[in-house]
There are 2 protein chains.
Amino acid sequence: MGTKRVTLAQVAELAGVSVMTASYTYNRPERVSDHARAKVLAAADTLGYAGPDPSARSLRRGSTRTLGVVMGEHLSYAFDDPEAVSFLAGIADVCAEQGYGMTLLPITGAADDVPRIHNAAVDGFIVWTTSDDDPVLTAVQATKRPAVIHSGPAVRGLELVSIDNRAAASAIGAVAFAGARRPAILSFPLSRARISTLTEGGNLGEITFPVTRDRLEGYRRAAEEAGFGWHEVVVAVCARNEAAEAEQVAATLLASARPPDAIAAMSDQQAAGVIRAARAAGVAIPDDLAVTGWDDAAVAEQLGLTTVAQSLREQGAACAHVALGQGRTVRTAAWSVVRRGSTRR
Amino acid sequence: MGTKRVTLAQVAELAGVSVMTASYTYNRPERVSDHARAKVLAAADTLGYAGPDPSARSLRRGSTRTLGVVMGEHLSYAFDDPEAVSFLAGIADVCAEQGYGMTLLPITGAADDVPRIHNAAVDGFIVWTTSDDDPVLTAVQATKRPAVIHSGPAVRGLELVSIDNRAAASAIGAVAFAGARRPAILSFPLSRARISTLTEGGNLGEITFPVTRDRLEGYRRAAEEAGFGWHEVVVAVCARNEAAEAEQVAATLLASARPPDAIAAMSDQQAAGVIRAARAAGVAIPDDLAVTGWDDAAVAEQLGLTTVAQSLREQGAACAHVALGQGRTVRTAAWSVVRRGSTRR
DNA sequence: CTGTTAGCGCCTTCAA
DNA sequence: TTGAAGGCGCTAACAG
């Protein structure tokens, strides 16, 4: 249709004032006389002008009042992980309060992720934890806009908001492995290849997810302090953070010749899968099998799961504050071990 | 710091080419000689140029390649509702596939919501169901950009993607109320005031949420076809769509002088609350109390809940397609009744 | 394949 | 309180 976009200039002309008066009407109404303001608004109304064009305004002002959020791999996976959703909610809280928009950047894992980062009209970025070698990190860095990474990796020039994963894993591992004879770990993937493996301790190859790396190191310390050699610890690496895969892996472990009697998982979702597998196999928790999770999600309380409590929502909010340059926020977040009935006393 | 933003013009100058050649290097690389392209990229690299500024590009091109999503009231509530999250995931699927960003607009319910809509640098809007009188609708309409409303209300000039809520309520109501003597309904709020009420059928006052209105009409038809007068039907209006509030309301109903023996709820979350209340009160399902939900969420299968199945994820995707002008999408979405053990045979 | 011109719509700066 | 000029950084439309 011929309905061209209405501009401020047209409004000003119809109102019989200069463009600047019209502009002030929207941006500094107090600096315009009531008379002029009324004329401008009337003209805007008859022309159907909905206010200054956001792109033009962003260009002129040098700021978009929008934060970009990168959730890793497939954007929609983010919505399948309840903890990721909490994290987003924390960002949303801050954005709503400050009048910022939040743009979720669609990442697919393919080569076109990088231009997508560059093309995002945002003032800063928040990046959900990823691998050391994720090209998204370089792309974000190249934009030179403020950016915060959640949980890692640490990248030069970018902020980091995280808990101390190694210390927390060490603490929860101590609870998980207490009184055990055959400790096992259910791990997140080691690298972006997301290969499932089952290793009897020892060398796991290269680990590029820093969160996985830190937690494994913490568990290792806990196992060693409980008197185990690292080679005695079974490490089952899952491709994804899902209850279903964890259940299957746990079932395999429990049916093996030397079934574990303690399993430390990296999420409550995984731990829930372990508990289902134990029930199906008739294995008693915690006597025959101690189980620990991570996050203290809703499911942890329902299942009486010993876990690491942390607030992803608060961490999301902290990331948003840092990305907005309100850096008074704590960058090292709090965690604690919550003991419930899934571990031995 | 003095580190001014690097512009394409500076890159071009350093590379010894015109600005257009530099621009083409980014937008139509195939139209530039290898030699020139290499020079431009080298210059960009030494200057630390990260590619064309997105705001300037949007202004020039007249398009932002971003969709705006309005989730109603407090943005972060959206993340607390699993069905809303599915809906967002559906939008995210399409955005990722088409290389669009999705901007979640921070809505607070206060007066500044309207300017926030106007200030959003987006090509189109998707609005999560709201009330007839929500000022956001007028604001979206005023932008003259393509917009889709999910579930309603229907607004002149805006698209609508929805199931037939009245027909679905009528169908599920027939199952819920079959063999019952005292039917009850657990309703979403009637208006943005979100007042909880308990009415013995009859006049509910003005209902401005079209989804609530349509479903109540459907339930009413089901009740009447089952031989009840509308005044015999208890309608408990909840302020929010939450299990906790529904549980409390259901507990009150079940403890009353004339407890219901059938409760049709407007969501699976609410129905889950009802089931908890029934268990606590020692009321047998379905014999003493039939319960129905809505959405066929994960919890419905766990609880054996009879419910209305619909895919919010698909509906989110459909909204995105329509907002992008790929209108070949079905605007009337599919639904079906899933019978499980929570209702009488 | 490369370059010139002319704005996109707005708001900061400066002057009246 | 109002206005005139200029340019934010980029790319469509057209030459060459």
Side-chain angles (χ1 to χ4, degrees), chain A residues 3-41 43-44 47-65 115 118-123 143-145, chain B residues 3-41 43-44 47-65 115 118-123 143-145:
Chain A
T3 350
K4 273 270 178 191
R5 191 198 294 261
V6 183
T7 71
L8 197 53
Q10 295 171 42
V11 172
E13 185 177 0
L14 179 59
V17 298
S18 78
V19 192
M20 276 323 299
T21 302
S23 178
Y24 285 143
T25 299
Y26 288 96
N27 297 301
R28 320 224 168 153
E30 70 282 2
R31 289 206 182 166
V32 175
S33 67
D34 291 359
H35 178 62
R37 187 169 51 238
K39 278 196 302 185
V40 170
L41 292 177
L47 290 177
Y49 179 72
D53 178 83
S55 294
R57 179 180 257 181
S58 295
L59 173 59
R60 186 61 248 236
R61 299 219 275 221
S63 137
T64 61
R65 309 218 106 220
H118 290 312
N119 291 340
V122 300
D123 291 346
T143 65
K144 293 183 181 160
R145 281 170 266 179
Chain B
T3 350
K4 274 270 176 190
R5 192 197 295 261
V6 183
T7 71
L8 195 53
Q10 295 169 42
V11 173
E13 185 177 359
L14 179 60
V17 298
S18 77
V19 195
M20 275 322 296
T21 302
S23 177
Y24 285 142
T25 300
Y26 289 96
N27 297 301
R28 320 227 168 145
E30 72 281 2
R31 288 206 183 167
V32 176
S33 68
D34 291 357
H35 179 62
R37 187 168 52 235
K39 278 194 303 183
V40 170
L41 293 177
L47 291 176
Y49 180 72
D53 178 83
S55 294
R57 178 179 257 180
S58 295
L59 173 59
R60 185 63 247 228
R61 300 219 273 219
S63 135
T64 61
R65 308 218 106 219
H118 290 312
N119 291 341
V122 300
D123 291 347
T143 66
K144 293 181 182 161
R145 282 170 265 179

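Just so you know, these numbers use all the heavy atoms, side chains as well, and skip hydrogens, waters and symmetry mates. Keep in mind the model is a prediction, meaning the values are calculated, not measured.
With sequence neighbours left out, the ring-ring contact (aromatic ring centres under 6.0 Å, His included) criterion links A:Y26 to A:Y49.
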Completion exercise
Quick tally for nucleotides 9-16 of chain D: nucleotides whose base has a protein heavy atom under 4.0 Å get B, sugar-phosphate-only ones S, the rest -, giving BBBBBB--

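Taking 4.5 Å as the limit, some side-chain heavy atom of B:V17 sits within range of a side-chain heavy atom of B:K39. Counting heavy atoms from C-beta outward, A:Q10 and A:L47 have side chains that approach closer than 4.5 Å. At a threshold of 4.5 Å between non-hydrogen side-chain atoms, the residues B:R57 and B:P54 do not count as touching. Under the 4.5 Å side-chain criterion, counting only non-hydrogen atoms from C-beta, A:L8 is not in contact with A:E13.
Within the structure, a side-chain polar atom (N or O) of A:S33 is placed less than 4.0 Å from OP1 or OP2 of D:dT2.
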